[in-house]
Amino acid sequence: MSGTPAAIQQAKTLDAVKLEVRLGGKLVVDGVDCTVPAGAFSALVGPNGAGKSTLLRALAGVVPLRTGTVLWEGKDLLRRPRRERARIAALAEQESATDAPLTVRDVVALGTMPHRSLLGFGSNDDDAEVAAALQTAGVPELADRMFSELSGGQRQRVQLARALAQRPQLLLLDEPTNHLDPHAQLTTLRLLRELAGGGIAVVAALHDLTHAAAHCDHVIVLSRGTVVAAGDPRTVLTSELIREVYGVQAHVLVHPATGRPLIALSLPASGDEAHRRLEVSA
Ligand SMILES: Nc1ncnc2c1ncn2[C@@H]1O[C@H](COP(=O)(O)OP(=O)(O)OP(=O)(O)O)[C@@H](O)[C@H]1O
């Protein structure tokens with residue numbers, strides 16, 4: 001590898017090439033090409049059922065690809081040994097992966113597994129890693145609670161802590177602000193931006209377009225399993241694109257305090273577009 005800045009940038013990039021995923025006989029991810037650079041916070045947006053969760057799961061190797069390749073640093077990520085892959089990519093999903101009677105500390109400790117030696121199981125290093133992840137996710141006080149007894153927002157932040165404990169280079173998050181109150185939403189988005197600023201690639205499925213426009217460097221717009229636009233959210237998230245993809249009217253304003261885009265949405269006057277969208281997604 002040459003030492004040029006371009007080569008270095010290339011080296012820390014996720015490239016999805018012609019990804020297809022079929023579920024229940026339906027092509028849910030349909031020829032997705034996208035690039036996610038390290039050092040950037042990327043939003044994955046699109047209507048319900050567009051395929052965002054499935055795409056994130058496919059990137060993490062949780063659902064099998066029908067065709068296509070996921071490259072990290074130019075190499076096939078999904079063909080790497082599972083443990084090596086888990087040191088690169090962490091996925092924080094919306095729903096709990098476990099109903100087992102685990103404490104929050106136990107759940108977050110699962111994230112450290114790819115870095116553990118068998119002899120080092122339960123070491124002080126692991127404890128410190130778990131404590132640091134809970135602290136970063138803003139929920140250190142939950143460590144001894146049973147995971148199954150947490151609220152939706154608390155679970156969401158513990159899932160984030162588990163993913164952070166994995167010390168990933170690529171962090172994939174499915175609606176990380178779901179269930180969170182406004183303060184927690186903003187602190188989570190700020191944290192994700194800081195993590196990206198620290199040099200990792202962060203990709204989050206988001207429904208709030210203002211969040212995507214205000215906090216993300218890059219946006220990928222998915223519709224019916226296909227990428228219909230990608231790039232700087234300030235240029236991609238136009239009224240026209242939002243109307244076309246979501247069937248709603250969008251007014252892109254300027255946030256009076258931050259100067260970032262503020263996207264105000266309303267249904268079209270006739271209601272025709274909204275009606276059409278409900279029919280489409282049924
Ligand atoms: N296990 C499955 N079997 C069959 N179809 C599935 C399965 N999981 C998801 N799908 C379908 O795949 C499509 C994409 O679902 P996915 O959850 O990826 O969308 P999404 O964009 O994340 O949606 P949302 O915004 O509602 O979370 C939907 O039509 C969904 O019904």
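Numbering of ligands and ligand atoms starts at 1, following listing order.
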Show every donor-acceptor pair shorter than 3.5 Å between a side-chain atom in residues 132-148 and any protein atom, with sequence neighbours excluded, or say none if there are none.
unit_1	atom_1	unit_2	atom_2	d
Thr136	OG1	Ala132	O	2.8
Asp144	OD1	Arg105	NH2	2.4
Asp144	OD2	Arg105	NH2	3.4

Exercise. Between the side chains of Asp174 and Ser53, is a donor N or O closer than 3.5 angstrom to an acceptor N or O?
Worked result: yes
Seminar exercise, completed: Applied to residues 185-211, the ring-ring contact (aromatic ring centres under 6.0 Å, His included) test, sequence neighbours excluded, yields His211-His215
Problem set entry | Charged N-O contact under 4.0 Å between Glu93 and Arg57 | yes
Could you tabulate the donor-acceptor pairs under 3.5 Å formed by side-chain atoms of residues 20-31, not counting sequence neighbours?
unit_1	atom_1	unit_2	atom_2	d
Glu20	OE1	Arg66	NH1	2.6
Arg22	NH1	Gly25	O	2.9

Exercise. Between Thr103 and Asp106, does any side-chain donor sit less than 3.5 Å from a side-chain acceptor?
Worked result: yes
Seminar exercise, completed: Within the 4.0 Å heavy-atom cut-off around ligand 1, the contacting residues, ordered by chain and number, are Leu23, Gly24, Lys26, Val28, Pro47, Asn48, Gly49, Ala50, Gly51, Lys52, Ser53, Thr54, Glu175, His207
